[in-house]
Enquirer: 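Questions regarding the structure given below will be posed in turn.
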Amino acid sequence: MAQPMSKRAALKAAKQEAAVERLADVHIPQGAAWANAARDAAKARLVDMGMPARRDEYWKYTRPESLTTPEAEAATVLATGEAPIFDALDRLKIVFVDGVFSQAESDPLEMAGIEIERLESAASKDIHWAKDLYGVLEARGQSPVERPLAALNTALAADGIVIRVTGKAEKPVSLIYRHESEGSDAYLHHCIKLEEGADLTLLENGPAAARFNKVLEVDLADRAAFHHVRAQGRDHERRAATHIFARMGTESVFKSFTLTVNGRLTRNEAVIEMLGDDAVAHIAGAALGHGDFLHDDTVFITHDALNCESRQVFKKVLRSGAVGVFQGKILVKPGAQKTDGYQKSQSLLLDDDAQFLAKPELEIYADDVACSHGSTSGAIDDEALFYLRSRGVPTAEATDLLTLAFVAEAVDEIEDPRLAEEIIGRLEGWLLRRRQG
Amino acid sequence: MLEIKNLHVKLEEEDKVILKGVDLSVEAGSVHAIMGPNGSGKSTLSYVLSGREGYEVTDGTATLEGEDLLDLEPEERAALGLFLAFQYPVEIPGVGNMTFLRTAVNAQRKARGQEELSATDFLKDIRAKAKDLKIDADMLKRPVNVGFSGGEKKRNEILQMAMLEPKMCILDETDSGLDVDAMKLVADGVNALRSEGRSFLVITHYQRLLDHIKPDVVHIMADGRIVKTGGPELALEVENNGYADILAEVA
Ligand SMILES: Nc1ncnc2c1ncn2[C@@H]1O[C@H](COP(=O)(O)OP(=O)(O)OP(=O)(O)O)[C@@H](O)[C@H]1O
Ligand SMILES: [Mg+2]
């Protein structure tokens with residue numbers, strides 16, 4: 001007689017079934033043999049893991065359903081559009097509309113110091129460097145915690161950008177995501193390979209689609225440097241699940257900052273593996289939302305080398321029903337001595353009807369390390385507010401000033417002051433519009 | 001300029017009465033000083049006038065040039081021309097001193113229906129005024145009062161006053177924590193602002209500040225009331241004999 005399935009096994013079976021169903025009618029792009037193999041492997045990974053479900057520990061605070069359904073829920077395209085960002089900078093512009101590359105709006109894909117092409121074209125070539133990267137870091141990142149939506153992306157993504165950086169890129173590569181169709185469901189997968197000593201700045205901005213699933217794989221060879229600044233668009237109803245997978249060599253530097261305003265649901269995961277000694281990884285974010293807004297930063301940093309430094313700085317400003325989630329983990333592997341791991345996650349709750357859920361974790365198997373984490377929730381400082389008002393600054397404006405001050409610590413993680421200015425400008429614009437109703 | 005009549009104030013949260021009928025009238029262009037023992041209610045009076053939360057006015061009135069202050073928001077009082085130099089200036093991490101001042105100056109101008117100051121005019125103005133108070137460029141860039149020494153904080157209050165050009169300036173123990181030279185700078189800053197249309201209420205424990213800023217009138221506050229009012233000689237009397245004689249005399 002067959003044993004009745006345990007509850008756990010039954011849940012797993014349901015997740016797997018959901019994955020099979022999810023993959024049943026989708027269009028899987030065809031390309032060169034290596035690309036087909038990578039996509040097939042991702043499908044198999046996904047079926048093995050199953051789709052994320054509400055009961056999963058890793059999805060305890062953020063409900064995954066709206067990210068996993070076959071159809072994306074429609075999201076209104078904000079009529080007013082967004083104030084421009086990064087416009088004043090000399091950059092290589094690459095535009096995606098609802099997740100589809102727009103040749104007409106993009107600059108020619110060429111720049112000194114880098115090889116750059118569309119994923120579609122790379123994936124149709126029999127021999128391409130991207131075969132060592134596409135889905136490879138994603139697959140590595142599935143353990144010890146599963147990230148099914150990233151595997152789904154590797155299986156489905158037809159478009160994206162692949163970049164190989166051999167020297168110092170002459171200017172930033174700027175990915176612009178426009179959202180035009182209310183029901184759009186976009187999958188983009190970018191791969192960036194930085195050779196020894198190479199240096200690239202990547203910018204991303206825009207709401208992208210009604211639902212956006214994006215994976216960014218970044219492979220940093222020794223002494224490579226990668227700077228990433230992203231502004232997720234402000235369409236109120238959009239949803240996004242994004243993953244960054246980074247693998248870091250000796251003395252490499254990885255710095256990533258994300259600004260998120262509005263959006264019904266945003267789950268930004270980052271999985272960073274520090275494999276070479278003396279590497280530095282900083283990941284920071286500022287998220288501001290009100291009403292039907294959930295923002296989730298889920299970060300996993302693995303120290304597996306000597307004397308590496310990692311820093312996480314996340315700030316969330318929440319009001320009227322908005323929810324902030326932070327799941328951040330630092331894993332220090334045996335032998336990763338002299339690790340310096342820092343994690344700070346804070347929320348500013350502008351009223352009683354906002355919520356911040358934080359799960360900071362340290363798992364340490366080396367003895368000579370310095371790791372710290374702190375997570376706090378607070379309201380606007382009354383003393384500071386009164387001081388500002390006593391100087392004639394009206395409450396709303398004073399609150400905005402204190403809000404900017406609160407997120408400043410995260411914005412300060414951006415190394416290039418011009419990029420920090422762009423982000424502050426975007427923040428100020430958003431606050432001003434909110435204030436003026 | 002400032003008229004306070006029979007002002008009674010208690011704490012909102014508890015049944016503690018702090019001001020028990022304050023009467024005070026500061027004429028335009030004059031300098032009044034308030035002295036009084038610790039805990040007599042001097043800071044409370046200044047907070048209530050500027051609109052800080054936590055206090056309940058149970059009786060009495062306070063007007064600035066005839067306008068009822070007590071019904072207004074703190075920012076509205078500021079726009080009317082009221083300024084308080086805090087006994088304990090507040091630190092605001094993340095807000096640059098310069099940004100703070102420009103926001104304040106322009107907010108007040110806007111409230112009064114004036115045009116905002118251009119960035120260049122503002123810079124010119126603040127540089128000159130900061131220089132007079134020996135506030136360097138670094139202090140202007142740093143977050144408001146963060147990491148400032150006690151004396152630097154007080155000079156920063158006076159810089160704010162100089163930039164905002166209020167009509168009614170209340171200085172709550174601006175002299176405490178100042179070295180002799182800084183005291184002179186602050187006093188010079190105040191004296192430079194003295195004019196027919198501007199009044200000062202200087203709260204202090206020491207005669208020394210009043211050597212530099214010559215008051216027209218000196219009040220003694222005790223247990224929530226003004227118990228004695230006189231000329232500059234009253235401050236000297238306190239300096240020499242303490243409060244015992246005065247309090248005994250009015251008891
Ligand atoms: N928020 C408060 N909670 C409790 N007690 C208060 C509060 N504010 C003021 N008090 C009390 O009210 C009294 C008056 O305080 P206040 O600060 O006005 O005195 P002061 O005259 O400025 O004294 P000092 O010369 O020491 O500055 C004190 O006994 C003080 O403890
Ligand atoms: Mg006091």
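To find a chain, count down the sequence lines: A is the first, B the second, and so on, and within it residues start at 1. None of the values given here were measured: they were computed from a predicted structure.
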Enquirer: Relative to chain A, which segment of B:Val144 carries a heavy atom at a distance below 4.5 Å: side chain, backbone, both, or neither?
Expert: side chain
Enquirer: Among B:Ile92, B:Leu101, B:Thr99, B:Val90, single out the residue with the greatest number of heavy-atom pairs under 4.5 Å to chain A.
Expert: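 When all of B:Ile92, B:Leu101, B:Thr99, B:Val90 are compared, B:Val90 has the most.
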Enquirer: Between A:Ser372 and A:Lys344, do the side chains contain an N or O donor and an N or O acceptor separated by less than 3.5 Å?
Expert: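 Absent: no donor and acceptor within the cut-off.
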Enquirer: Side chain, backbone, both or neither: which part of B:Asn145 has a non-hydrogen atom closer than 4.5 Å to chain A?
Expert: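 The side chain, not the backbone.
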Enquirer: Look at A:Thr395, A:Asp381, A:Asp412, A:Val407 and state which one has the largest set of heavy-atom pairs under 4.5 Å with chain B.
Expert: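 Top count of heavy-atom pairs under 4.5 Å with chain B: A:Thr395.
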Enquirer: What part of B:Gln160 gets closer than 4.5 Å to chain A, counting heavy atoms only: side chain, backbone, both or neither?
Expert: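 Interface part for B:Gln160: side chain.
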Enquirer: Between A:Lys315 and A:Glu413, is there a salt bridge with N-O shorter than 4.0 Å?
Expert: no
Enquirer: Hey, are A:Ser320 and A:Asp353 close enough side-chain-wise for a donor-acceptor pair under 3.5 Å?
Expert: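 A:Ser320 and A:Asp353 do not have a side-chain donor-acceptor pair below 3.5 Å.
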Enquirer: For the pair A:Tyr387 and B:Phe86, name the ring-plane relationship: parallel under 30°, tilted 30 to 60°, perpendicular over 60°.
Expert: perpendicular
Enquirer: Angle between ring planes, B:Tyr55 versus B:Tyr47, binned at 30° and 60°: parallel, tilted or perpendicular?
Expert: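 Rings of B:Tyr55 and B:Tyr47: parallel, as their planes differ by under 30°.
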Enquirer: Using non-hydrogen atoms and a 4.5 Å limit, figure out which bit of A:Leu401 sits close to chain B: side chain, backbone, both or neither.
Expert: both
Enquirer: Taking every heavy-atom pair that is under 4.5 Å apart, which of A:Leu402, A:Val393, A:Asp382 has the most such pairs with chain B?
Expert: A:Val393
Enquirer: With a 4.0 Å cut-off on N to O distance, would you call A:Arg389 and A:Glu397 a salt bridge?
Expert: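 No, A:Arg389 and A:Glu397 are not salt-bridged.
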Enquirer: Using a cut-off of under 4.5 Å for heavy-atom pairs, which of B:Gln108, B:Arg77, B:Glu76 has the most such pairs with chain A?
Expert: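 With the most close heavy-atom pairs to chain A, the winner is B:Gln108.
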Enquirer: Is there a donor-acceptor contact under 3.5 Å linking the side chains of A:Asp297 and A:Gln312?
Expert: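 No donor-acceptor contact under 3.5 Å links the two side chains.
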Enquirer: Relative to chain A, which segment of B:Arg52 carries a heavy atom at a distance below 4.5 Å: side chain, backbone, both, or neither?
Expert: both
